[in-house]
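Below is one structure, written out as structure tokens, with a few remarks after it.
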Amino acid sequence: RVTLDRVAPTGSITVDGLVNSESSVKTWISQFINKITFGLFGKNGMGATTTSEDITAGVVSNKYFIAANGYTKEQLDSLDNSQWKDYKGRVSLQANQNAIVYQRIEDAAGNYEFYSTENLVADNQDPAPVVHITPSSPGWGKGVYSAGDNPGFDITVEDPVNNNSYSGLKTITYTIKNGTTGAVETGTLANIGRNEHRQSWKGHVNIDPSKFYSNDVQVVVEASDWSTNEAVSETAKLKVDNKAPVVTFAFDKSDAMNTKYYKNNKTLTITVDERNFDTTYIPKVTSTAGGGYSFSGWSTNGEKTTGVI
């Protein structure tokens, strides 16, 4: 009896531990993928299992080869046999790598075939969002931003590259909080597709001085990647003041002679209603006598500062 077998064996590759997908498991049945895509992601626990079948001569070998780059069937055929490993059970895929699982199945008649998965990205590195307040210093130079400074913040986010591998950024959001009133503004800066494979992102957000009039404005940026790694930036803080000071003078005129002459010592009380008043400022007084006056210095209570001449 002679058995003629010219049909290559069939097989499958199943990958588990996927994240951000419809299922945590995907199977390729007798497929060979020629195009590299970036749509399948894992973190720490990815793995691959294979099956093989030949209904005529029977399978004599089921081997696998894991590569970071795409191979053609011709390139796989030219690999040294030592580069292929006998399949003995689930193969763990280490974190922080691009991985394509190739399968080589051979039957007893010498027929063989190659199968493969799509590109898999295993990534357990958190993104790195960084916030820079702009401009770098207020125009007034006293550490307080006015509306004229157009306060805001620049954002840079990177998905760290490890072994030439990264899953790519997915979402970037921001939060601005007024620590005085509790007002909060949130927004989504970027929703990046899984196949874009974006490693870095830059952007800018303006701060509304009328909404965030406070000496405790807090800015935070959050980012996530397609392997479900998440990170929060350090909180950036700034002072924003868009209100002009209100100055009032109090002067006792009850002892005036002919409405404008006084012979007793007089006091003038100055009150400044201003959150960020600069107490190094000294009032300017002009006198025909060239002196004869003194200033008490400033005392502050809340947002009101008082001085007496």
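All values below come from the heavy atoms of this structure, side chains included, with hydrogens, waters and symmetry mates left out.
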With hydrophobic residues grouped by side-chain heavy-atom distances under 4.5 Å, do Ile13 and Val121 end up in a single group?
-> no
Given side chains that start at C-beta, do those of Asn98 and Asn119 come closer than 4.5 Å, heavy atoms only?
-> yes
Would you find more than 12 non-hydrogen atoms of other residues, nucleotides or ligands less than 6.0 Å from Glu303 atom CD?
-> yes
Salt bridge (Lys or Arg N to Asp or Glu O under 4.0 Å) with Lys63: which residues, sequence neighbours excluded?
-> Asp86
Just by modelled atom types, is the Lys35 backbone N or O under 3.5 Å from a matching donor or acceptor in the Glu118 side chain?
-> no
Decide yes or no for Gln199 and Leu169: does some side-chain heavy atom of the first lie under 4.5 Å from some side-chain heavy atom of the second?
-> no
Just wondering, are more than 12 heavy atoms of other shown residues or ligands nearer than 6.0 Å to NZ in Lys43?
-> yes
Greater than 12 external heavy atoms within 6.0 Å of Asn195's CG | yes
Side-chain donor or acceptor of Thr188 paired with backbone N/O of Ala190 under 3.5 Å = no
Would you call Trp140 and Ser146 a side-chain contact if the rule is heavy atoms closer than 4.5 Å?
-> no
Rounded to the nearest 0.5 Å, what separation is found between the CG atom of Asn44 and the CG atom of Asn96?
-> 8.0 Å
Over 60° means perpendicular and under 30° means parallel, so classify the ring planes of Phe38 and His197, tilted if in between.
-> parallel
Leu268 CG to Phe295 CZ distance, which is reported to the nearest 0.5 Å = 10.0 Å
Do the side-chain N and O atoms of Thr171 and Ser224 include a donor-acceptor pair separated by under 3.5 angstrom?
-> yes
Looking only at atom types and distance, does a side-chain atom of Asp80 sit under 3.5 Å from a main-chain N or O of Ser82, one as donor and one as acceptor?
-> yes
Test the Arg194-Phe41 pair against the cation-pi criterion, namely NZ or CZ under 6.0 angstrom from the six-membered ring centroid and within 45° of the ring axis.
-> no
Are any of the side-chain heavy atoms of Ile100 and Leu120 separated by less than 4.5 Å?
-> no
Examine distances only and state if a side-chain atom of Asn162 and a backbone atom of Ser165 form a donor-acceptor pair shorter than 3.5 Å.
-> no
Is Tyr145 close to Pro135 at the side-chain level, that is, under 4.5 Å between some pair of heavy atoms?
-> yes
Check whether Trp298 and Val285 end up in the same hydrophobic cluster, where Ile, Leu, Val, Met, Phe, Trp and Tyr are linked by side-chain heavy atoms less than 4.5 Å apart.
-> yes
Report whether Ile133 and Ile172 are members of the same hydrophobic cluster (ILVMFWY, side-chain heavy atoms less than 4.5 Å apart, transitive linking).
-> yes
What's the spacing between Met46 CE and Gln97 CD if we round to 0.5 Å?
-> 8.5 Å
Ionic contact status for Glu113 with Lys73, cut-off 4.0 Å = yes
Under 6.0 Å between ring centres, would you say that holds for Phe114 and Trp84?
-> yes
Closest approach of Val144 to Pro138 (non-hydrogen atoms, all atoms of both residues) = O-CB, 3.0 Å
Spell out, yes or no, whether Tyr87 and Tyr115 are grouped together once hydrophobic residues are joined by side-chain heavy atoms under 4.5 Å, including indirect joins.
-> no
Please indicate whether Ile55 has more than 12 foreign heavy atoms, meaning atoms of other residues, nucleotides or ligands, lying under 6.0 Å from its CD1.
-> no
Count the heavy atoms of every other residue, nucleotide or ligand shown that sit under 6.0 Å from CD of Glu196, and state whether that count exceeds 12.
-> yes
Ignoring hydrogens and angles, tell me if any N or O in the side chain of Tyr102 forms a donor-acceptor pair with the backbone of Tyr71 under 3.5 Å.
-> yes
Main-chain N/O of Gly182 paired to Asn178 side chain as donor or acceptor, under 3.5 Å | no
Hey, is Asp159 close enough to Arg198 for a salt bridge, meaning N to O under 4.0 Å?
-> no
Evaluate the side-chain proximity of Ile155 to Leu189: yes if any heavy-atom separation is below 4.5 Å, no if none is.
-> yes
Flag side-chain contact, heavy atom, 4.5 Å: Thr300 against Thr279 = yes
Would you kindly say whether Asn215 and Asn276 are connected by a side-chain donor-acceptor distance under 3.5 Å?
-> yes
Side chains of Ser254 and Asp252, donor plus acceptor under 3.5 Å = yes
Measure the spacing between CD1 of Ile36 and CG of Asn34 and express it to the nearest 0.5 Å.
-> 10.5 Å
Could you tell me whether a side-chain N or O of Asn229 sits under 3.5 Å from a main-chain N or O of Asp123, the two making a donor and an acceptor?
-> yes
Distance, nearest 0.5 Å, that separates CG of Asp16 from OG of Ser92 | 8.5 Å
Does Tyr112 reach the side chain of Arg104, with side-chain heavy atoms less than 4.5 Å apart?
-> yes
Could you tell me whether a side-chain N or O of Asn301 sits under 3.5 Å from a main-chain N or O of Lys304, the two making a donor and an acceptor?
-> no
Of all heavy-atom pairs linking Gly42 and Val19, the shortest is CA-CG2, 4.0 Å
From Lys142 NZ over to Lys239 NZ, what is the distance, rounded to the nearest 0.5 angstrom?
-> 12.0 Å
Indicate whether the side chain of Asp154 and that of His204 have a donor and an acceptor atom separated by less than 3.5 Å.
-> yes
Single-linkage hydrophobic cluster, 4.5 Å side-chain cutoff, Phe251 and Val247 together | yes
Mark yes or no: Arg275 above the aromatic ring of Tyr213, with NZ or CZ under 6.0 Å from the six-membered ring centre and no more than 45 degrees from the axis.
-> yes
Backbone of Gln75 reached by a side-chain donor or acceptor of Ser78 within 3.5 Å = yes
Using distance alone, with no hydrogens and no angle criterion, decide if Thr27 and Ser12 have a side-chain donor and acceptor under 3.5 Å apart.
-> no
Heavy atoms of Lys26 and Trp28 approach each other most closely as O-CZ3, 3.4 Å
Evaluate whether atom NZ of Lys85 has more than 12 neighbouring non-hydrogen atoms of other residues, nucleotides or ligands under 6.0 angstrom away.
-> no
Worked check of side-chain hydrogen bond (donor to acceptor under 3.5 Å, both in side chains) between Thr280 and Asp278 | CA-CA 5 Å; Thr280 63; Asp278 182 3; 2.7 Å; yes
Residues Asp255, Lys266: salt bridge by 4.0 Å N-O rule | yes
Keeping the roles fixed (side chain from Ser116, backbone from Ile33), state whether a donor-acceptor pair exists under 3.5 Å.
-> yes
